[in-house]
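Worksheet for the structure shown next.
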Amino acid sequence: FAVQGEKWKYTNLTWSLSSTRRPSQLDPYGTRSVLARALDVWAQASRLTFTEVNSDEADIVVSFAKRYHDDAYPFDGRGAILAHAFFPGTGRGGDAHFDDDELWLLQPRDDDEEGTSLFAVAAHEFGHSLGLSHSSVKGALMFPWYQGIQPNFVLPEDDRNGIQQMYGPKKSTKWAKIPYYRPAEPPPTTTTTTTTTTTTTTTTRRPYINQHHNRHQDRYPNRPYTPYPRIPSKYPAYYPEKPNHYPYHPDRRHYNSSEEHPRRTNHHHNFRPTETTSHPTTYRPRYPYVQPEYPSNPRPNYPNDPRQDNPRKPYYPEKTTQRTTTTTPSDKPDKCDTSYDAVALIRGELFIFKNRYHWRIGANGHYPGYPMETTRMWPSLPRDLTHVDAVYERPDRKIAIFIGKELYLFNSQYLVPGYPKPLSTFGLPESLDKLDAAMVWGHNGNTYFYSGTMYWKYDEEKGRVDYDYPRNMAMWKGVGYNIDSVFQWKDGKTYFFKGKGFWKFNDLQMRVENERQYPSSTFWMGCPTERAGRRAGYK
Amino acid sequence: RSRPTRSAHEKSARSYLETFGYLKKGRPEVGNLQLMGNEQEYEDDFRIAIKTLQEFGGIPVTGEIDTATKNLMKQKRCGRPDREDGEDEHRRKKR
């Protein structure tokens, strides 16, 4: 193929059959249909779209003329020159002229050697309208000599390459309809999971990521669903009331409307009422706290109420067993003064892991209710999990969690069958006890595993590390050995974590931008500087 | 030196080659004057153009206006040149 040089600056082109120079021997409707099919040949192979308009100002104006017709390229009667078109541009740029003396065929006929397929010639001429010159490949659509058209015509590869070089291939819609973060199907029940007996009768509800699980149609998919009970009742509507007080939590703005806790005018993030204040308040310690009863007004039991059988039950998130106790969780980390076990960007959200908990930070900041046990998000992890070693999101969007000598691979929240697998499966040495960190390096798209003084490059396609690894961590200048975590943030930069601080890494220079660390809690957790810890960071 | 005679076939072939970009279009008013002293180059350009046409059209490359070349020139085709203006400037000038 040959690209002439000029191309349209936009891909949504308009076309029109000239209002004044229409074919004298052809039905105009049939002609337009054939022309549209000819344009579709190029549209199917590229990002171009064509819209028919009724205007001589369209990008591509098709006209039929004989002999001299106001351009420097007169036709020659029947035979020889069939048509010509102009390269992209203003004015007559993109226009296509057809010799009206030819015997144009709207439908190809095998027995007609004299006739000329309008579809074949139009498809060729429109190639010129889009910027392609003639091709010397026999069989190509842009071959200058007429070749007719075959049934089930498919755009030849030479022409496809040419048009895609100019305008790009047609966008794939493979992922267009797949919802965000929804697995294709859950794994079979043969997945081994540890089962333990619970000490309470209530079941722990697992949080879902971007999935509905509490709607009527989710719980009872086979039952008919009406948005609300459309059953008239003589009794007044029931609306559950919110409790008159909320548990005190340092991360939650608390507002109190009851007499016991009058509304304050000065709401401070960490404000803690004391007995010395003038407000008649009750001291409520930070821990422990007691969950109020939901709802504070139980639904009355109306006799013969038709809605009794079809109530619209309000939903309240179930509390875990831990929150119903009065003892303080002793290992919940302080987000403003802790190191991290692992940091990963999963589905565009930041996950920070510490001990058996993790924080989740989205576009709007911290999610409420965190830190949360990691096993609540990924239930297939060991129940006795103490901490994770490394986490990263693979290019295929699966989530890899490294714990000790094993890798747990999740498809959303579901463990992929066959996992966990030992690290040795991926070419890592048997003697390796754990990984420190793992990431997909945005600089080159490769996956790297880090442990101690060494790092490996992992081939996602082959499923094992490359043969000339491990290499010395000194390659990553400035981060030292035994890092805690590494990941690529949305800004495209690489961040290495060690202790309570982090470095920003310069991918081009292969060194940290600043030898001294920045405090992690201030940058990633939003903690005030004075709470970030006064211990000097790693250098 | 006597002026060379051009057959009708050669004239139509030359016109064809000029129309579709294989030969540079000559200026008729000075065409004969240019011939004098540049005949060899004139013939070389013509033969090269024929060869280029034969190569482009996928027929045996002979440099002569043979039957296959004549048939090729008679076939129905697009009116755009096969070689656009300025293409030669980007090509290596062959000795």
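Below, all heavy atoms of this structure are taken into account, side chains as well, without hydrogens, waters or symmetry copies. Below, read A as the first sequence line, B as the second, and so on, with proteins coming before strands; counting in each chain starts at 1.
Neither the backbone nor the side chain of Gln147(A) comes within contact range of chain B; no heavy atom of the residue lies under 4.5 Å from a heavy atom of that chain. With a 4.5 Å cut-off on non-hydrogen atoms, Phe143(A) touches chain B through its side chain but not through its backbone.
Contacts with chain A were tallied for Lys74(B), Gln75(B), Glu55(B); Gln75(B) has the most, counting heavy-atom pairs under 4.5 Å. Chain B forms the most heavy-atom pairs under 4.5 Å with one residue out of Ala83(A), Pro144(A), Gly79(A), and that residue is Pro144(A).
The distance from atom NE2 of His134(A) to atom CZ of Phe20(B), rounded to the nearest 0.5 Å, is 8.5 Å. Atom SG of residue Cys78(B) and atom OH of residue Tyr146(A) lie 13.5 Å apart, to the nearest 0.5 angstrom. One finds the CZ atom of Arg77(B) at 9.5 Å from the CG atom of Leu82(A) (value rounded to the nearest 0.5 Å).
Heavy atoms of other residues, nucleotides or ligands lying less than 6.0 angstrom from CG of Asn444(A) number more than 12. Taking a 6.0 Å sphere around NZ of Lys457(A), one finds it holds more than 12 heavy atoms contributed by other residues, nucleotides or ligands.
No donor-acceptor pair closer than 3.5 Å links the side chain of Trp145(A) to the backbone N or O of Gly57(B). Under a 3.5 Å cut-off, the side chain of Arg80(B) and the backbone N or O of Ser133(A) do not form any donor-acceptor pair.
Between Lys138(A) and Gly58(B), the shortest heavy-atom contact is NZ-O, 4.0 Å.
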